[in-house]
Amino acid sequence: MNDYTFRPATAADLPLLRRWLATPAVREWWGDPAEQEALIRDDIAGAAMTTLLVAYRGQPFAYVQHCAAEAWPQECFAHLPPTTQFVDTFIGEPAMLGQGHGAAYLRLLAEQLLAAGAPLVAIDPDQDNLRARRAYARAGFVGDEIVQTSEGPAVLMVFRRAMPTGSSA
C-alpha cells in the first residue's frame with residue numbers, strides 16, 4: 001500500500017483549504033487566500049480541472065489540481081501536446097514542509113497520469129520558488145526554460161515516461 005492517497009476535493013473541503021491558503025508558505029506563492037478559495041471553489045464545481053486532496057497515511061495535508069493543456073491555453077505552452085496534464089499544488093500543513101512529501105506525491109501522481117494516457121505531465125513554478133523547483137526535480141520533473149505565463153515568469157518543468165533500459169532516443 002502506498003502512504004500517499006488522492007481523493008476528489010469537494011465543497012465540504014473548502015474550510016480546510018481556506019485554512020491552508022492562509023498559511024504563510026502557501027500565501028507567498030498562491031496569493032490572496034480569498035481569491036484563491038473562490039478559484040478552487042469554481043474548479044471543484046467545474047469539469048475542466050481535477051481537484052484533489054492528498055493524504056499521507058490517511059491524513060490530508062496537501063492540495064493538487066490538474067487539467068489538460070488544452071483547457072489552460074497559454075501561448076508559452078502551445079508546443080506541448082494538447083493532452084499534456086498541467087499540475088499545480090501546495091502543501092497546506094506547515095509541519096509537512098521540507099520532508100520530501102511534495103516530491104513523493106508528485107512523482108506518484110505524475111506516474112498515474114502517464115499510465116492513464118497523458119503524453120507528458122507539466123508544472124510551472126514561479127521562477128523564484130526555489131523550494132518548489134527542487135522538490136519537482138526530486139520528483140522527476142526536468143527543465144529550466146523560463147516562460148512568460150499569465151501569472152508572470154515561470155519555469156517549465158516536465159515529467160516524461162521513463163525510457164526502457166537499453167533504449168536510445
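Small disclaimer: the values here were computed from a predicted structure and weren't measured. Counting begins at 1 with the first residue of the sequence.
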Same cluster for Y136 and L52 if Ile/Leu/Val/Met/Phe/Trp/Tyr side chains link at under 4.5 Å? yes
If you measure from CG on L53 to OG1 on T10, what distance do you get to the nearest 0.5 Å? 7.5 Å
V155, F159: one ILVMFWY side-chain cluster at the under-4.5 Å cut-off? yes
Per the salt bridge (charged side-chain N to carboxylate O under 4.0 Å, His left out) rule, what does the pair list look like for residues 109-133, sequence neighbours excluded? R107-E111
Sequence neighbours excluded, every pair satisfying salt bridge (charged side-chain N to carboxylate O under 4.0 Å, His left out) that has a member inside residues 93-104: R19-E93
Measuring from F61:CZ to Y56:OH, what's the distance to the nearest 0.5 Å? 9.0 Å
With rounding to the nearest 0.5 Å, note down the distance linking CG in D43 to CD in Q65. 5.0 Å
Contact between L109 and F6 at the side-chain level, heavy atoms closer than 4.5 Å - yes or no? yes
Please assess E37 against I40 for the test side chain to side chain contact (heavy atoms under 4.5 Å, CB included), listing each intermediate value before the final yes or no. CA-CA 5 Å; E37 180 187 353; I40 290 172; 5.8 Å; no
Value rounded to 0.5 Å, distance of CD1 in I44 from CG in D13: 6.5 Å
For the atom pair CD1 (I91) and NE2 (H101), what is the distance rounded to the nearest 0.5 Å? 7.0 Å
Side-chain donor-acceptor pairs under 3.5 Å in residues 82-90, sequence neighbours left out?
unit_1 : atom_1 : unit_2 : atom_2 : d
T84    : OG1    : P81    : O      : 2.8
Q85    : OE1    : H66    : ND1    : 2.7
T89    : OG1    : Y63    : O      : 2.6
T89    : OG1    : Y105   : OH     : 2.6

